[in-house]
Protein chains: 2
Amino acid sequence: MKETKKESAKTSKGEQTRAVILETALELFRERGYEETTMRAIAERAGVALGNAYYYFRSKEHLIQAFYSRIHEERQAPSLELLNKEPDLMKRLLGIMYIMVETIEPYHRFAGVLFRTAADPKSPLNPFSEESEPTRRESIALFAQVLEGSDSKVHKDLKQELPYLLWLYHMGITLFWIHDSSAGRARTYKLIDRTVDILVKLIGLASNPLMRPVRKAALRLAADLRTASA
Amino acid sequence: MKETKKESAKTSKGEQTRAVILETALELFRERGYEETTMRAIAERAGVALGNAYYYFRSKEHLIQAFYSRIHEERQAPSLELLNKEPDLMKRLLGIMYIMVETIEPYHRFAGVLFRTAADPKSPLNPFSEESEPTRRESIALFAQVLEGSDSKVHKDLKQELPYLLWLYHMGITLFWIHDSSAGRARTYKLIDRTVDILVKLIGLASNPLMRPVRKAALRLAADLRTASA
DNA sequence: TCTTCGAATTGAACGAGTTCAAAAATCAAT
DNA sequence: ATTGATTTTTGAACTCGTTCAATTCGAAGA
């Protein structure tokens, strides 16, 4: 009784304020960028006191975390739609990567900060951190689906670690995208085209006996990487 | 006449103050880490006014740049010594990577910030930026030497782009090292062992006709990457 | 020696993120 | 409806990076 009422109270009043603050923040971030957006400006436009913003978000950085999960949600629908229709591995991977870029594109303006904080081991926003585990797990699962649902043969040794490696790959692409100031983000798309091509070629070649030592070595490596960050 | 006198004046007085500030800063960074070190604290221990620190270093971040070149200098001697003695490619690459880690190890405490700022496209510390071009060029040249002086056959197609790719690789290792909190940085060394193994295997395999499409694709990719950041 | 000009130095002041004690609002229980 | 506790809200105050106008210092030229 006490519990539920408290919960609903928290939701109706608190959550509403929280939502307003977050919406306002993202709005301002898109308008002016991150550094240029003041906590005072957020509070003012949201119609709350400065301190109140800190009641809901421990720091300015913590606002970014909310942004993360939003992006993640927005990606789910188009990704699943693609994976249900397209059986060709190359097209699946290519499509997913394009979706990744398209969904995050409106925020390119403040993407620098996104990775700046993400690269800091101490930051909770760090994609390897405890705190981002849920999103990370879902994201890796998506790459597992890319492989599973395809009509290509993937060597069974790779089944285990490849999704994680693809997730790492997508982080690399994101890093490139952040630095990419070309028109229409042309360079990033080009990079995706080329790297996906290589990846699919390599995945195909992996079954070749000649590649066995490399394959084994790469798998040991992937396993290490994964446990190091876990 | 005027020139030389001015120069020497700049050196004797200004440069000395500059040096004191930098030394003090690095000292404090090692002691307490970056975030915890105040510009006021640096100025105070260095025995100068706050504003004076800003006369020599445009910002707190710019102190890191000085750190970069110091690290780079410290790496030169042991690297060249190794490359003169050791002809085996695997051992050369392994040795260089170990030197990279060993020289930067005392600063692990504030390494997070190092990459945090480095990942920001706007930051002058960004390793892809205009401002870090000289150090980057030298660093890539070192990896070229690793290849050139070895007794392994490196496919001629690779000569052009491979040094750059190895530099990128060393950036990746550094990123891992930053996040590595294992005893004696054991995980980083293990990762180096495994990745160097794979790299040397791949470099060897690259001459195989079967690998031709992958090799060609990888080279196109490397060329793109390089021009994108230049 | 005196003047002059640029380099070096100073410290007050500003802006922005963050903290915190106190006030206000909300809600459960009597 | 009143009380008491808990959540929410407030805004002043603090810290720290950064800027800048003013001052001091040092040396070259008269």
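Just so you know, these numbers use all the heavy atoms, side chains as well, and skip hydrogens, waters and symmetry mates. Just so it is clear: chains get the letters A, B, ... in the order the sequence lines come, proteins before strands, and each one is counted from 1.
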inquiry  = Can you pull out the residues from residues 43-50 of chain A that lie within a 4.0 Å heavy-atom distance of DNA chain D?
reply    =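 Within this stretch, A:Val48, A:Ala49 sit under 4.0 Å of the strand.
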task = State whether a side-chain donor-acceptor pair under 3.5 Å links A:Asp180 with A:Tyr189.
result =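 There is no such pair (donor and acceptor under 3.5 Å, judged by atom type) between the side chains of A:Asp180 and A:Tyr189.
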NZ/NE/NH1/NH2 to OD/OE distance under 4.0 Å, A:Arg70 and A:Glu23 =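 Yes.
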inquiry  = Under 4.0 Å between a side-chain nitrogen and a carboxylate oxygen: does that hold for B:Glu27 and B:Arg45?
reply    =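 The answer is yes: the pair qualifies as a salt bridge.
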task = Run the salt-bridge test on B:Asp224 and A:Arg187 with the 4.0 Å N-O cut-off and return the result as yes or no.
result =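 Looking at A:Arg187 together with B:Asp224, the answer is no, because their closest N to O distance does not fall below 4.0 Å.
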task = Please check if the distance between the ring centroids of B:Tyr107 and B:Phe67 is under 6.0 Å.
result =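 Yes, the ring of B:Tyr107 comes within the 6.0 Å limit of the ring of B:Phe67, centre to centre.
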inquiry  = Side chains of A:Thr103 and A:Arg75 only: does a donor on one sit below 3.5 Å from an acceptor on the other?
reply    =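 On atom types as modelled, these side chains qualify, holding a pair under 3.5 Å.
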query = Between residues 20-42 of chain B and DNA chain C, which residues have a heavy-atom gap below 4.0 Å?
reply =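 Output list: B:Arg40.
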message = So, OP1 or OP2 of D:dT8: does either fall under 4.0 Å of a side-chain N or O from A:Asn52?
response =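 No, A:Asn52 has no side-chain N/O under 4.0 Å of OP1/OP2 on D:dT8.
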message = Tell me whether the NZ or CZ atom of B:Lys60 lies within the 45° cone about the ring axis of B:Tyr34 and under 6.0 Å from its centre.
response =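 Checked: cation-pi criterion met.
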query = Taking the six-membered ring of A:Phe57, is the NZ or CZ of A:Arg18 close enough (under 6.0 Å from the centre) and on axis enough (within 45°)?
reply =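 Pair A:Arg18/A:Phe57 counts as cation-pi.
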ask   = Are A:Tyr169 and A:Thr195 linked by a side-chain donor-acceptor pair shorter than 3.5 Å?
value =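 Result is yes, a qualifying pair exists.
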query = For D:dT9, does either OP1 or OP2 sit under 4.0 Å from a side-chain N or O belonging to A:Thr17?
reply =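 Answer is yes, contact under 4.0 Å.
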NZ/NE/NH1/NH2 to OD/OE distance under 4.0 Å, A:Glu133 and A:Arg137 =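 The answer is yes: the pair qualifies as a salt bridge.
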inquiry  = Using a strict heavy-atom distance below 4.0 Å, which residues from residues 54-63 of chain B are in contact with DNA chain C?
reply    =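 Under 4.0 Å from DNA chain C: B:Tyr55, B:Tyr56.
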